[in-house]
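Accompanying notes for the structure given below.
In what follows, every heavy atom counts, from backbone to side chain, and hydrogens, waters and symmetry copies are set aside.
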Amino acid sequence: MDYSTRAILLLLLLLARALAVPAQATTGTSLRTTSTVSAAATASVACNSSALAGSIIIENPNGNDLANSAAVVGGRLNITWEYNTGTTVPKTIAIYYANIPSSGTITAASYYENSAIVSNLNGATTTYIWTVPSLQTGNYKLRVVGDGIDPAYYSIVHTGQSQCYASGQALPGTSLVSFIIAGNSQLVSFSDNYGPSNSALPLHGGLGVLALVVGLLVAI
């Protein structure tokens, strides 16, 4: 084989390789899929994987405490919370509620299905009096969120991503035990020596809650 023939074959081989590479890059869907997965994996990495978050602890209402385990529509419910040791006090607080369905299953997103009870509340405040609106009778839980930091909810609405937080930044506080909200029609009146009752007033003490519980049992 002379020199010119070998040169022509070499050029043809190089040309064939050059034409084959673009075809593989543009038609291979696995390459695009890999790129997408890699981008999502990068986005899901926390800003600081060693960050130790703080926490918010809801104290009231408390389903385990008879005197603070129920509220009535039109009445006032005292919501209180505290920050765990080492938690940086948030600049703002937002409070959300969720009705517990018969299945008993709720997620972080359940609390955002309704308008917030309050938002942009000063973070140094650890109490809020809620005038209970017209809600259906049932079991409820609260979620207290500081500075909009709610990684569990964020991961639901931003699939494959995580919300970053700094060390000491407060993660949301959620009611450990549900509490009852009932309508005025479910309050039971009974005779006493303390003058006329007013069902629009907030419930205070064990007697008020006992009347509410009895009313619920009667309704059932």
After noting the C-alpha distance and the side-chain angles of I149 and Q163, does the key distance pass the side-chain contact (heavy atoms from CB on, under 4.5 Å) rule?
CA-CA 8 Å; I149 300 298; Q163 186 177 36; 4.1 Å; yes

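- The shortest side-chain heavy-atom distance between C164 and P151 does not fall under the 4.5 Å cut-off.
- I79 pairs in a side-chain contact (heavy atoms from CB on, under 4.5 Å) with only one of the listed residues (N60, L142, I129), which is L142.
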For a side-chain contact (heavy atoms from CB on, under 4.5 Å) check, start with the C-alpha distance between Y154 and Q161, then their side-chain angles and the critical distance, and finish with the verdict.
CA-CA 8 Å; Y154 188 91; Q161 299 184 33; 3.8 Å; yes

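- Each of T87, T126, I57 was checked for a side-chain contact (heavy atoms from CB on, under 4.5 Å) with E82, and the lone residue meeting it is I57.
- A chain of hydrophobic side-chain contacts below 4.5 Å, direct or via other Ile, Leu, Val, Met, Phe, Trp or Tyr residues, connects V89 to I95.
- Side-chain atoms of N139 do not come within 3.5 Å of backbone N or O of I180 as any donor-acceptor pair.
- When the side chains of ILVMFWY residues are joined at heavy-atom separations under 4.5 Å, either directly or via intervening members, V144 and I181 end up in a single hydrophobic cluster.
- Between A109 and Y153, the shortest heavy-atom distance links the atoms CA-CD1, 3.7 Å.
- Residues V145 and L121 fall into different hydrophobic clusters, defined by Ile, Leu, Val, Met, Phe, Trp and Tyr side chains chained together at heavy-atom separations under 4.5 Å.
- Heavy atoms of other residues, nucleotides or ligands lying less than 6.0 angstrom from CD1 of I156 number more than 12.
- T127 and N78 form a side-chain donor-acceptor contact under 3.5 Å, judged by distance and modelled atom types alone.
- The shortest heavy-atom contact between A182 and T137 is CA-OG1, 3.8 Å.
- Separation of atoms CD1 (I106) and CD (E113) is listed at 9.5 Å; rounding is to 0.5 Å.
- D150 and Y111 are not linked by any side-chain donor-acceptor pair at a separation below 3.5 angstrom, with hydrogens and angles left out of the test.
- Closest of all the heavy-atom pairs between G74 and T131 is O-CG2, 4.3 Å.
- Judged purely by atom type and a 3.5 angstrom limit, N84 has no side-chain atom pairing as donor or acceptor with the backbone of S55.
- Side chain of S175 to backbone of V177: no donor-acceptor contact under 3.5 angstrom is found.
- Here the closest non-hydrogen pair linking S115 and Y97 is O-CE2, 3.8 Å.
- Nearest heavy atom pair, residue V132 against residue L135, reads CG1-CD1, 4.3 Å.
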Carefully, step by step, assess Y128 and W81 under the rule ring pair (Phe, Tyr, Trp, His ring centres under 6.0 Å).
CA-CA 9 Å; Y128 182 78; W81 62 94; 7.9 Å; no

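- Pairing each heavy atom of Y83 with each of G123, the nearest pair is OH-O, 2.6 Å.
- R143 and T174 share a donor-acceptor pair across their side chains, judged by distance under 3.5 Å alone.
- Using a 4.5 Å cut-off between side-chain heavy atoms of Ile, Leu, Val, Met, Phe, Trp and Tyr, with links allowed through other members, I93 and V118 fall into the same hydrophobic cluster.
- Distance alone, capped at 3.5 Å, places no donor-acceptor pair between the S119 side chain and the A116 backbone.
- Cluster membership for Y96 and I58, using ILVMFWY side-chain heavy atoms within less than 4.5 angstrom, is not shared.
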